[in-house]
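Below is one structure, written out as structure tokens; the observations come after it.
Quick note on labels: first sequence line is chain A, next is B, and so on, each numbered from 1.
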There are 2 protein chains.
Amino acid sequence: MARRRPGIADETASTRGKILDAAERVFSIRGFDAATTREIAREADVPLGLMSYHFGTKDDLYTEVIGRRAEQHVADILAAMAAVRQRAGDGEVDVRALVEAFFRPIVEKSMSGGPGWRAYIRLLSRTANESPTHPHVAAFRKIYNPVPLEFIRLLKERFPKARPENIYWAHYVMSSAIIHMLVESKTLEQLSDGLCSAADLDTVAEKMAILFEAGITRLAEL
Amino acid sequence: MARRRPGIADETASTRGKILDAAERVFSIRGFDAATTREIAREADVPLGLMSYHFGTKDDLYTEVIGRRAEQHVADILAAMAAVRQRAGDGEVDVRALVEAFFRPIVEKSMSGGPGWRAYIRLLSRTANESPTHPHVAAFRKIYNPVPLEFIRLLKERFPKARPENIYWAHYVMSSAIIHMLVESKTLEQLSDGLCSAADLDTVAEKMAILFEAGITRLAEL
DNA sequence: GTCTATAATGAGATAGAC
DNA sequence: GTCTATCTCATTATAGAC
């Protein structure tokens, strides 16, 4: 059985941990602006006063919610990409595997990491859609920055003749799609009349990898 | 509570029009929750009291902001798709042209339709990212519903042997990417060190059409 | 560390004069 | 139709007892 990160494990039962868990849920459902510290306190079954005592402002709380899981998430994505690179040896990196490396850690955490991770993923997606001028958004971008950098580096290595701008565009289109798909709106379910579900992240990952392997390759080999 | 619904041209100079224009700007920058009716009134240079008089609740105002442009937008997209269909005659619809038909009306309005349209497009993207449980989101989805339906219908016609679910997935991935790209965060600019700009919607449309032509075709011909 | 009570602010919406 | 003044409520954050 995998050991949980000590920071999180120690906190799950504590007041701080209860608040962070509740904040994660409420922020992920309501978004930063519509969420209220009162609702979070109620959800955590903790008096309102403890919110400020433990975390200061609402902005600080949000930053800590992101910070609690972000580093592990980034590390896992980078590890998955490194594995893809290593499997390729002296040959070319497999583009489809690279796309999956970007997305799989998210899928696994969302599906098997427990409800906390699932809420976190929704929260992440929401945050990526917010204005970078928000202080909490800036903090989040800084932590995740190595991921696109490495993805782009590997793509450039895989397509040495590609025009750099097309590499950036390919990554931009792909990451945009991923970000929005993680909000889990019910659009897909309604359009397909229940045939497909956006909550089925395993299938999302598969279809996405197929589509973007072809699309990225086309753009890079232009 | 007198509620008239004149055309946009008639309203630009009126109080109603000034409020709608200001609401469009503020909502598109702040999002629904963070926007305040006070800021909108200030921006419109109109006393606060007129907000409720003309539009009732904040939710109603938002709905009217969307409603003012949505129908024309939808009509333009459907017309572009119909043109693509007609150009194909008895032959197969061009997938790349179809993708462009989905996106081009947005680009043109955002770049040449004036600042109002540009704000509206950002607002649209924000709205698509919000929870469908919000009342104003539901109204917006209802108006836009014919667009995905027609896109999917044409894709099914173009790939009669494709498994329907792959058609839905293809559309889902594409529309997700489009939605997020329209928020115009500065991510792409920063990553590419100024080489690419997400605000350059003309190029966005071109790159996107290339990528998704290949990606959608791959998924559909699986 | 925990909790209650409350301060201070800002929100959406309205009343009523003009 | 317009505008000022205000109502009512919910919010973040804090003060201070335990």
Notebook entry, point to check: What about B:Arg38, does its side chain sit under 3.5 Å from the base of C:dG10 through a donor-acceptor pair?
Noted result: no
Next item on the list: Report the nucleotide, chosen from C:dT2, C:dC3, C:dA11, that has the shortest atom-to-atom distance to any side-chain atom of A:Pro47.
Entry: C:dC3
Next item on the list: Output yes when B:Asp202 and B:Lys207 qualify as a salt bridge under the 4.0 Å nitrogen-oxygen rule, no when they do not.
Entry: no
Next item on the list: Could you work out which one of D:dA13, C:dT14, C:dG1 sits closest to the side chain of B:Ser52?
Entry: C:dT14
Margin query: Please pick, from C:dG1, D:dT2, C:dA13, the nucleotide with the shortest atom-to-atom distance to any side-chain atom of B:Lys58.
Written below: C:dA13
Margin query: Looking only at the side chains, is there a donor atom on one of A:Arg141 and B:Thr187 sitting less than 3.5 Å from an acceptor on the other?
Written below: yes
Check: Reckon B:Thr15 has a side-chain N or O less than 4.0 Å from the OP1 or OP2 of D:dT2?
Finding: yes
Notebook entry, point to check: Could A:Lys58 and A:Asp33 be called an ion pair, given the rule that one side-chain N must be under 4.0 Å from one carboxylate O?
Noted result: no
Check: Where the side chain of A:Leu50 is defined as all heavy atoms beyond and including C-beta, which of D:dA13, C:dC3, D:dT2 is the nearest nucleotide?
Finding: C:dC3
Next item on the list: May I ask you to decide whether B:Glu39 forms a salt bridge with B:Arg42, counting only side-chain N to carboxylate O separations under 4.0 Å?
Entry: no
Next item on the list: For A:Met51 and C:dA5, give me the distance from atom CE to atom C1', rounded to whole Å.
Entry: 18 Å
Note to self: Of the listed nucleotides (D:dG1, C:dA13, D:dA13), which one gets closest to any side-chain atom of A:Thr57?
What the structure shows: D:dA13
